[in-house]
Amino acid sequence: MTYILIIIGAIFVNNIVLSKFLGICPFLGVSKKISTAVGMTGAVTFVMTIATIVTWLLQKYVLLKFDIEYLQTITFILVIAALVQMVEIVLKKVSPPLYQALGIFLPLITTNCAVLGVAILAATSKDFGLMESTVFAIANAIGFGLALIIFSGIREQLEFSDVPEYMKGAPLALIVAGILALAFMGFAALA
Amino acid sequence: MSKLKILSKGFIKENPVFVMLLGMCPALGTTTSAENGIGMGLATLFVLVMSNIVVSLVKNFIPDKVRIPSYIVIIATFVTIVDLVLHAYVPDLYKALGLFIPLIVVNCVVLGRAEAFASKNNVLDSAIDGLGMGIGFTFALTLLGAVREIIGSGRVFGVNLHLYQSDGMLVFILAPGAFIALGFIIAIVNKLSKKPAQ
């Protein structure tokens with residue numbers, strides 16, 4: 001039951017992009033085409049899940065154990081940066097087709113604040129064990145993907161609309177994102 | 001480039017939020033009020049100036065291949081300082097900004113300036129550049145926070161403007177209002193600068 005609550009909460013009620021404002025850069029940056037949005041979602045899911053598991057273990061067995069929690073920001077970002085590199089190298093060797101699909105998105109993920117944000121949220125939450133944190137990370141990645149893919153679908157249509165010159169690009173995208181966020185607020189009743 | 005030009009370009013011509021569209025996460029996430037906007041802006045300003053200075057000082061000792069991880073460590077150090085100082089002296093602000101304080105480390109403005117400016121220029125220019133960008137970022141966040149607060153609740157900086165008889169448009173304080181308000185501000189900036197968007 002708690003897992004279902006975590007999943008619904010992370011995907012719909014507190015959507016990571018539309019209500020927590022994490023990962024806005026890729027949300028605006030790679031949402032021009034549905035195909036790139038799908039690729040980015042895959043890469044984020046992959047890295048976010050592994051990063052959350054590793055940082056959770058690190059928090060529990062190193063930072064808390066030796067009472068050096070103030071090093072959290074530095075260690076987490078280093079772990080994520082190293083992890084992204086490692087995932088890239090391993091994917092290249094083990095699964096070239098997957099590497100081909102996710103390749104260009106992987107380096108971008110280091111500076112995706114959604115990954116660090118979810119890692120910190122999971123590690124500092126008092127009632128998340130390893131299993132809950134993993135589920136939380138996967139659910140957040142799905143939430144990110146859902147928002148990104150819906151948004152890129154809308155943006156593909158927007159290309160054909162005739163809007164004032166100064167509204168083109170970012171302003172219109174932001175306002176559309178606002179309306180999408182408004183729609184997602186309707187899910188609040190689920191919690 | 002003259003010192004004044006370096007300082008002023010971050011404010012208007014290359015404003016990180018309104019023109020370059022960097023650092024959108026904190027810009028949207030922390031601006032529920034003008035005060036929070038200022039707090040987040042100043043925290044980022046400190047990290048920007050300090051990391052620009054240090055990156056500029058050590059730029060000749062860092063091998064090119066590992067420069068990005070090194071910059072991230074330098075930035076993370078100053079973010080940790082900000083985190084501890086805010087926690088100790090302004091606990092209310094610390095609580096309001098929450099997750100976004102450690103997330104300054106992945107703010108593209110900070111890493112972007114380290115890579116694009118501080119790694120190529122001398123210490124003084126880098127410090128001025130950090131200051132200018134930081135002021136521009138603070139200005140953007142304060143403006144966005146003030147707009148959201150005024151429309152959302154009819155008050156700004158704790159002063160009631162008596163715009164509404166009851167509560168005001170709460171949606172502007174909530175998540176959707178952040179996107180919509182920023183979208184319109186950027187549209188106005190585009191219109192004023194007559195610059196076609198890309």
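Linking ILVMFWY side-chain heavy atoms closer than 4.5 Å, directly or via other members, places B:Leu182 and A:Val163 in a single hydrophobic cluster. No chain of hydrophobic side-chain contacts below 4.5 Å, direct or via other Ile, Leu, Val, Met, Phe, Trp or Tyr residues, connects A:Trp56 to A:Ile68. Cluster annotation: A:Ile80 and A:Ile89 are assigned to distinct hydrophobic clusters (Ile/Leu/Val/Met/Phe/Trp/Tyr, side-chain heavy-atom contacts under 4.5 Å, transitive). Side-chain heavy atoms closer than 4.5 Å link hydrophobic residues (I, L, V, M, F, W, Y) into clusters, and following such links, even through other members, never connects A:Leu57 to A:Ile120. Linking ILVMFWY residues whenever their side-chain heavy atoms come closer than 4.5 Å, directly or via other members, leaves A:Tyr3 and A:Leu130 in distinct clusters.
Scanning all heavy atoms of the two residues, the minimum distance from A:Ser19 to B:Ala175 falls at CA-CB, 4.0 Å. Closest approach of A:Gly178 and B:Ile180 over heavy atoms only: CA-CG1, 3.9 Å. Nearest heavy atom pair, residue B:Cys25 against residue A:Ile24, reads SG-N, 3.3 Å. Contact between B:Asn190 and A:Pro171 at its shortest, heavy atoms only, is ND2-CG, 3.8 Å. Of all non-hydrogen atoms in B:Phe179 and A:Ala177, the two that sit nearest each other are CD2-CB, 3.7 Å. Counting all heavy atoms, side chain and backbone alike, A:Cys113 lies closest to B:Leu103 at O-CD2, 3.8 Å.
Annotation: the span from B:Thr77 atom OG1 to A:Ile74 atom CD1 amounts to 4.0 Å, rounded to 0.5 Å. Taking NZ of B:Lys191 as the start and CE of A:Met167 as the end, the distance is 11.5 Å to the nearest 0.5 Å. Once rounded to the nearest 0.5 Å, the distance linking CD1 of B:Ile186 with OH of A:Tyr166 reads 14.5 Å. In this structure, CG in A:Leu174 is found 10.5 Å from CD1 in B:Ile185, a value given to the nearest 0.5 Å. In this structure, CG in A:Leu22 is found 11.0 Å from CG in B:Leu28, a value given to the nearest 0.5 Å.
With a 4.5 Å cut-off on non-hydrogen atoms, B:Phe184 touches chain A through its backbone and its side chain both. Of the two parts of B:Leu174, only the side chain, counted from C-beta on, holds a non-hydrogen atom closer than 4.5 Å to a non-hydrogen atom of chain A. If you measure heavy-atom distances from A:Ile77 to chain B, the contacts under 4.5 Å come from the side chain alone. Heavy atoms of B:Leu99 lying under 4.5 Å from chain A belong exclusively to its side chain. Only the side chain of B:Leu84 comes within less than 4.5 Å of a heavy atom in chain A; its backbone stays farther off. The part of A:Leu28 that comes within reach of chain B is its side chain, from C-beta onward, which places non-hydrogen atoms under 4.5 angstrom from that chain.
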**OP:** Mind running side chain to side chain contact (heavy atoms under 4.5 Å, CB included) on A:Gln72 and B:Asp83 for me, showing each step along the way?
**Re:** CA-CA 11 Å; A:Gln72 193 191 48; B:Asp83 190 297; over 6 Å; no
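Per-residue heavy-atom pair counts under 4.5 Å with chain B were compared for A:Ala183, A:Ala181, A:Ala173, and the maximum is reached by A:Ala181. Of the listed residues B:Thr80, B:Ile101, B:Asn107, the one with more heavy-atom pairs under 4.5 angstrom with chain A than any other is B:Thr80. Contact count against chain B (heavy-atom pairs under 4.5 Å) is highest for A:Ile175 among A:Ile175, A:Leu18, A:Ile179, A:Leu182.
Taking 4.5 Å as the limit, every side-chain heavy atom of A:Tyr70 sits out of range of all side-chain heavy atoms of B:Ile81.
Other residues, nucleotides and ligands place no more than 12 heavy atoms under 6.0 Å from the NZ atom of A:Lys92. Summarising the local packing, CD of A:Gln85 is surrounded by 12 or fewer heavy atoms from other residues, nucleotides or ligands at distances under 6.0 Å.
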